[in-house]
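The structure displayed is predicted, hence computed values, not measured ones. We number each residue from 1, following the sequence as shown. Below, each value reflects all heavy atoms present in this structure, side chains not excepted, and no hydrogens, waters or symmetry copies.
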Amino acid sequence: MASSSKSPLPILLPSNVLASTSGADEWKPRRYLSAPQPPPAEDARYVDPDMTAARHGAEGKALKKIRPRRTVDYGGGMGRWALMRKLRPNSTYVPQPRPALPYVIDLLPPKAYPDNASTSLCTKFVHTSTNKIRCPVNVVVWTPEARRVLTGSTSGEFTLWNGLTFNFETILQAHDTAVRTMTFTHSGAFLASADQSGIIKYFQPNMNNLTAWPGHREAIRGLTFSPDDRRFATASDDSTIRIWSFEESREERVLTGHGWDVRCVEWHPTKGLLVSGSKDNQMKFWDPRTGTALATLHQHKNTIQALAWSPNGNLVASASRDQTVRVFDIRAMKEFKVLKGHKKEVCSVTWHPIHPILVTGGSEGSILHWDLTTPTPTLTSSPSPRASLLQAHDSNVWSLAFHPLGHLLVSASNDHTTRFWSRERPGEPEKSSGADQDQDDQDDDDDQQMVPGMGWWGKEEDTAPGMTGVYGRGGESQSDDYIPGFGFAGDNSMNGGIHGRQDGPLPPQEDVFGRDSGDERGHNGRGGGPGGVGGGGRQQSRWGPRRGGRY
């Protein structure tokens, strides 16, 4: 028993995993045996910005501050709205925006406020986009995915601008003469455009030209697609409207009846119905199947420049050189509203995609917003504009286009610029004047500060004389004590006036423009505007009366 107790225990592990007791196999470190070394010298690309600034200042060169490009980010609002829809206590709950600037981060997309059209007034100047070769911009449309803006100019060029940061993306020589009209199909698969010489072209979204052929002998002023995209109609200075088969590029029918140039034509959003406006002051409704004129309206006293259907198809708006905009209800074939506010001829018109808001552009450079839900004192009185941008451009506003979400508005003008407008921040008073500044250099965008999501404030040179700053505090350079969305530290402006408002009255139009802009578009007339994209009729949603009996 004693001998058995002194015997070692059996080893159950393999020998190669047993710890060695000899000193020769003891582990010793092989790496990091040297003492710590100082870090390597910094690369020239990562030099301290403060040291770089001091060096440039010592050399007498001005250092340009690196600031983020201005943007209007609609992704944040859409995300908050989608989350709110899941967490809301009931199906009709919508948090109303608080009337204070810090609540800009809580501003939801226009579709979140179905009964509050005031949240969709795009009156805040955002950005000016200008080609290096300056020429009038005749038409502007949003691309189908709503991420870019496509413009057509009198030089025959297509210019693509980013719809989020508003910077230049690409340019294409699409036509040999001035681009007069262009529109995407409802499916977004193709783009059709027409020019001053009557040439019609098809493009893919990547700007690949598919085909081209002469459609009219004179300039084509309007182009519009049928609801199923199988056909499209063109209006020309040869006093005719032609209906074409899209796939075959074949003429199907010629509509004759106007006594002068046909300036615009629009297809009903859902029905087989065409409306056209001419230089003979008449609006005509057509049956595209038979080519017959169904009705003629003689309400205007001068050339009808632009037409636009409301998305539900119940209303059609017409802009004329008689300085009025008229809205017709086709269900009763009667005049619904007469909008008087422009000082000169009205060149463009478009509807908001969500709310019954109509936006018009005039030859004096103004952009007016009309809220059709606002009651008028009497049936014969004309409603006043809900918001006015009296100096939005320096010349004729040829085309207007809303972003499909309704939070951005793009305007194209005879002053060679394309300008972007967004909604005002909560609590800001409605704007009565437009942008008094023009950015000749695209790189000037980096010199602007940004309130994330919506607002911007400018530097001293962005301020026009006699104003406290178009988008900031004039006469004061940007300092480090500015808190985005809250103002300057220690400033009581939040309790008083709002940043970005004028101290005095506007200068007269004669001092701003100097002369009557007239019809400076070239080739003796106006090009066709975009298709009627916009909001519903009076007291209605986009798809008809609201449920619940309220309307």
Side-chain angles (χ1 to χ4, degrees), residues 74 129 137-153 156-164 169-172 174-175 178-195 199-213 215 220-235 243-249 264-270 274 306-311 313 348-354 359 398-406 408-412 418 420 527-535 542:
Y74 52 86
S129 298
V137 184
N138 294 341
V139 60
V140 58
V141 294
W142 285 88
T143 54
E145 80 283 0
R147 294 183 179 181
R148 296 172 179 85
V149 174
L150 185 65
T151 62
S153 61
E157 294 175 333
F158 285 170
T159 307
L160 202 62
W161 305 95
N162 191 295
L164 182 64
E169 289 203 351
T170 187
I171 190 169
L172 171 68
H175 288 266
V179 180
R180 289 300 173 194
T181 178
M182 62 181 178
T183 182
F184 281 92
T185 59
H186 296 88
S187 64
F190 299 97
L191 169 73
S193 63
D195 61 13
I199 302 297
I200 303 174
K201 291 189 177 184
Y202 292 167
F203 293 89
Q204 290 177 319
N206 60 0
M207 295 300 121
N208 178 34
N209 182 222
L210 298 177
T211 184
W213 77 95
I220 297 177
R221 300 291 180 176
L223 191 151
T224 178
F225 277 94
S226 63
D228 59 1
D229 291 336
R230 294 183 179 181
R231 294 168 179 84
F232 66 92
T234 56
I243 299 177
W244 306 82
S245 171
F246 178 74
E247 293 184 358
E248 303 174 8
S249 303
C264 46
V265 62
E266 294 295 336
W267 208 302
H268 192 278
T270 58
L274 281 171
L307 295 167
W309 287 101
S310 60
S348 55
V349 60
T350 188
W351 291 84
H352 190 275
I354 307 298
V359 181
W398 290 129
S399 182
L400 295 165
F402 267 106
H403 189 281
L405 293 179
L408 278 177
L409 173 68
V410 187
S411 58
T418 303
F420 295 81
V533 181
R542 175 169 182 159

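- Asp228 CG to Thr270 OG1: the interatomic distance, rounded to the nearest 0.5 Å, is 11.5 Å.
- Contact of the Gln204 side chain with the Leu210 side chain is registered, since non-hydrogen atoms from C-beta on lie closer than 4.5 Å.
- Between the OG atom of Ser310 and the CH2 atom of Trp351 there is a distance of 5.0 Å, given to the nearest 0.5 Å.
- Taking the six-membered ring for Trp and the full ring otherwise, the centers of Phe184 and Phe225 sit at least 6.0 Å from each other.
- Using a distance-only test at 3.5 Å, with no hydrogens or angles considered, a donor-acceptor pair links the side chain of Lys201 to the main chain of Ala174.
- Residues Thr183 and Leu191 have side chains not in contact (no heavy-atom distance under 4.5 Å, counting atoms from C-beta outward).
- Of all heavy-atom pairs between Leu150 and Met182, the closest is O-CE, 3.4 Å.
- The main-chain N or O of Ala178 is never found under 3.5 Å from a side-chain atom of Asp195 such that the two would form a donor-acceptor pair.
- Contact check for Trp213 versus Ile200: side-chain heavy atoms found under the 4.5 Å cut-off.
- Here the closest non-hydrogen pair linking Ser187 and Asp229 is N-OD2, 3.0 Å.
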Give the intermediate values and the outcome of side chain to side chain contact (heavy atoms under 4.5 Å, CB included) for residues Leu408 and Trp142.
-> CA-CA 11 Å; Leu408 278 177; Trp142 285 88; 4.0 Å; yes
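- A 4.5 Å side-chain heavy-atom check between Val149 and Phe420 finds at least one atom pair inside the cut-off.
- If you take CG on Asn138 and OG on Ser153, they are separated by 7.0 Å, rounding to the nearest 0.5 Å.
- Looking at Val179 and Val139, their side chains come closer than 4.5 Å, going by heavy atoms from C-beta outward.
- Here the straight-line distance linking atom OG1 of Thr350 with atom CG of Leu400 works out to 6.5 Å at 0.5 Å rounding.
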Steps toward side chain to side chain contact (heavy atoms under 4.5 Å, CB included) verdict (Val410, Thr418) = CA-CA 7 Å; Val410 187; Thr418 303; 3.5 Å; yes
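- For Trp267 (side chain) and Ala233 (main-chain N/O), no donor-acceptor pair under 3.5 Å exists by modelled atom type.
- Phe190 pairs with exactly one of Tyr202, Phe246, Phe203 by the ring pair (Phe, Tyr, Trp, His ring centres under 6.0 Å) rule, that one being Phe246.
- Annotation: side chain of Phe158 is not in contact with side chain of Thr170 (no heavy-atom distance under 4.5 Å).
- In this structure a side-chain-to-backbone donor-acceptor pair under 3.5 Å is present from Ser226 to Arg231.
- Counting all heavy atoms, side chain and backbone alike, Gly188 lies closest to Pro205 at O-CG, 3.6 Å.
- The CG atom of Leu223 sits 14.0 Å away from the CZ atom of Arg221 when rounded to the nearest 0.5 Å.
- The closest donor-acceptor contact from the side chain of His403 to the backbone of Leu409 lies at 3.5 Å or more, if one exists at all.
- Among residues two or more places apart in sequence or in another chain, the side chain to side chain donor-acceptor pair (under 3.5 Å) test is passed with Ser193 by His175.
- The closest donor-acceptor contact from the side chain of Ser245 to the backbone of Ser249 lies at 3.5 Å or more, if one exists at all.
- Taking Asn206 as the reference, nothing meets the side chain to side chain donor-acceptor pair (under 3.5 Å) condition, with sequence neighbours excluded.
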Could you walk me through whether Ile171 and Leu160 pass side chain to side chain contact (heavy atoms under 4.5 Å, CB included), step by step?
-> CA-CA 6 Å; Ile171 190 169; Leu160 202 62; over 6 Å; no
What do the steps show when you test Trp161 against Thr151 for side chain to side chain contact (heavy atoms under 4.5 Å, CB included), and what is the final call?
-> CA-CA 8 Å; Trp161 305 95; Thr151 62; 3.6 Å; yes
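- Note that OG1 of Thr159 is 9.0 Å distant from CG of Leu172, once rounded to the nearest 0.5 Å.
- For Arg148, the side chain to side chain donor-acceptor pair (under 3.5 Å) criterion is met by Glu145, Glu169, not counting sequence neighbours.
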